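Keep in mind that this is a model prediction, so the values were computed, not measured. Starting from 1, each residue takes its place in the sequence as its number.
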Amino acid sequence: MFRRASTLLARPFLSARTRSFSSDLPAAGSTEDAFVSAWKKVIPNIDPPKTPLSFMAPRPATPSSIPSKLTVNLVLPYSSELSAKEVDMVIIPATTGQMGVLPGHVPTIAELKPGVLSVHEGSDIKKYFVSSGFAFIHGNSYADIIAVEAVPVDQIDAAQVQKGLAEFTQKLNSASTDLEKAEAQIGVDVHSALNSALTG
C-alpha cells in the first residue's frame, strides 16, 4: 500500500476533469418542449397530453425595485385561505423561530411549526393558527404558505384546548412505549402552541 502511495501522489491532477458550476452550463430548453417534440416523433397524429406546466400561470418576473406589498397565498389541502392577497408583512412560525417576511425578502424555504401566522395589512392583523407545513418565499415578493391545518385564532375554543392539553399531558406521563411517548409529545406541543396563541 505504501509502495503505491508515492506513485499516486506524484501523478498530476487533471484539471479537465473538474466539474463546472451550474452557472457555467448552457441554458437548456424547456422540458415541456422536449416532451412535445419527442411525443410528435413517436405519435404524430395524436395531440400530446397536457403536462402540469401547461396548467400553471407563469410566475411574475422579479421586479427591478422592491414592491410596496407582499403577495401571499395561504393554501390548505382542502381550501385556499388567502389567494394572491397583497399585504404589508407576514410573520411565520418557522422551526428556526419567528420569521418576518416583508416585500423584497430573500428567497427562502422554511418549515412551519405549530404556532401563529400573522398577516399584517395596514393596521389590520389577521392571525391564523397553523399546525405544520412549509413557507416558500420567492424573490418577486410572493409568499406561498402551505399548511396542513390553519384556523383563525378567534375561532379556537379555549376550553377544548385546555381539555386536550390535560389529556395529552396525562398520556405522556403514562406512556410506556416510545411510540406512545412521541404521539403524546406531539399532542402536548400542539396544544401548548394553541394555548400560547390564545393567551399571547
Side-chain angles (χ1 to χ4, degrees), residues 56 59-60 62-63 66-200:
M56 295 173 59
R59 185 72 74 184
T62 302
I66 296 175
S68 61
K69 296 285 185 180
L70 174 71
T71 305
V72 176
N73 298 307
L74 174 57
V75 182
L76 307 175
Y78 51 86
S79 71
S80 177
E81 285 289 321
L82 301 174
S83 180
K85 179 135 176 111
E86 292 192 346
V87 299
D88 297 320
M89 178 176 68
V90 174
I91 299 176
I92 297 169
T95 54
T96 55
Q98 295 291 322
M99 184 171 81
V101 180
L102 294 166
H105 194 281
V106 65
T108 307
I109 298 175
E111 183 182 0
L112 303 179
K113 68 176 183 179
V116 177
L117 169 80
S118 302
V119 180
H120 298 253
E121 187 177 8
S123 60
D124 185 32
I125 300 173
K126 180 78 172 170
K127 294 184 177 185
Y128 296 90
F129 180 82
V130 294
S131 61
S132 62
F134 288 91
F136 301 91
I137 310 337
H138 306 281
N140 54 5
S141 290
Y142 271 70
D144 295 324
I145 302 165
I146 294 88
V148 173
E149 192 67 54
V151 63
V153 171
D154 56 3
Q155 293 180 7
I156 298 173
D157 183 3
Q160 290 295 326
V161 171
Q162 293 299 326
K163 180 181 173 188
L165 182 59
E167 286 176 9
F168 280 106
T169 303
Q170 192 273 329
K171 285 181 183 179
L172 182 62
N173 292 335
S174 64
S176 58
T177 67
D178 288 342
L179 178 63
E180 290 174 350
K181 288 178 185 174
E183 288 175 347
Q185 186 62 53
I186 290 169
V188 168
D189 291 346
V190 170
H191 283 81
S192 296
L194 277 164
N195 195 34
S196 297
L198 291 172
T199 59

Note, [X] side chain near [Y] side chain (heavy atom, < 4.5 Å):
X: Ile145; Y: Leu112; answer: yes
X: Met99; Y: Ile137; answer: yes
X: Pro152; Y: Lys127; answer: no
X: Pro114; Y: Phe129; answer: yes

Rounded to the nearest 0.5 Å, what separation is found between the [atom1] atom of [X] and the [atom2] atom of [Y]?
X: Gln160; Y: Glu167; atom1: CD; atom2: CD; result: 8.5 Å
X: Ile186; Y: Ser131; atom1: CD1; atom2: OG; result: 11.0 Å
X: His105; Y: Ile66; atom1: NE2; atom2: CD1; result: 11.5 Å
X: Ser80; Y: Ile146; atom1: OG; atom2: CD1; result: 10.0 Å
X: Leu172; Y: Asp189; atom1: CG; atom2: CG; result: 9.0 Å
X: Lys85; Y: Lys126; atom1: NZ; atom2: NZ; result: 9.5 Å

Between [X] (side chain) and [Y] (backbone), is there a donor-acceptor pair under 3.5 Å?
X: Asn73; Y: Ala84; result: yes
X: Thr71; Y: Tyr142; result: no
X: Gln185; Y: Lys181; result: no
X: Thr108; Y: Val106; result: yes
X: Asn195; Y: His191; result: no

Specify the closest pair of heavy atoms between [X] and [Y], including all atoms of both residues, with the distance to one decimal.
X: Val116; Y: Pro93; answer: O-CD, 3.5 Å
X: Pro103; Y: Pro67; answer: CB-O, 3.1 Å
X: Ser141; Y: Gly104; answer: OG-N, 2.7 Å
X: Leu198; Y: Ala158; answer: CD1-CA, 3.6 Å
X: Val151; Y: Gln155; answer: CG2-OE1, 3.9 Å
X: Val90; Y: Leu70; answer: CG2-CD2, 3.9 Å

**Request:** Take Ile92 and Leu117 through the test side-chain contact (heavy atoms from CB on, under 4.5 Å) and record every step on the way to the result.
**Result:** CA-CA 5 Å; Ile92 297 169; Leu117 169 80; 3.8 Å; yes
**Asked** Counting heavy atoms not belonging to Asp178, are there more than 12 under 6.0 Å from its CG?
**Response** no
**Request:** Decide if atom NZ of Lys69 counts as having more than 12 heavy atoms of other residues, nucleotides or ligands within a radius under 6.0 Å.
**Result:** yes
**Asked** side-chain contact (heavy atoms from CB on, under 4.5 Å) between Asp144 and Val75: does it pass, once the steps are laid out?
**Response** CA-CA 8 Å; Asp144 295 324; Val75 182; over 6 Å; no
**Message:** Checking Tyr128 against Glu149: is there a side-chain donor and acceptor pair closer than 3.5 Å?
**Reply:** no
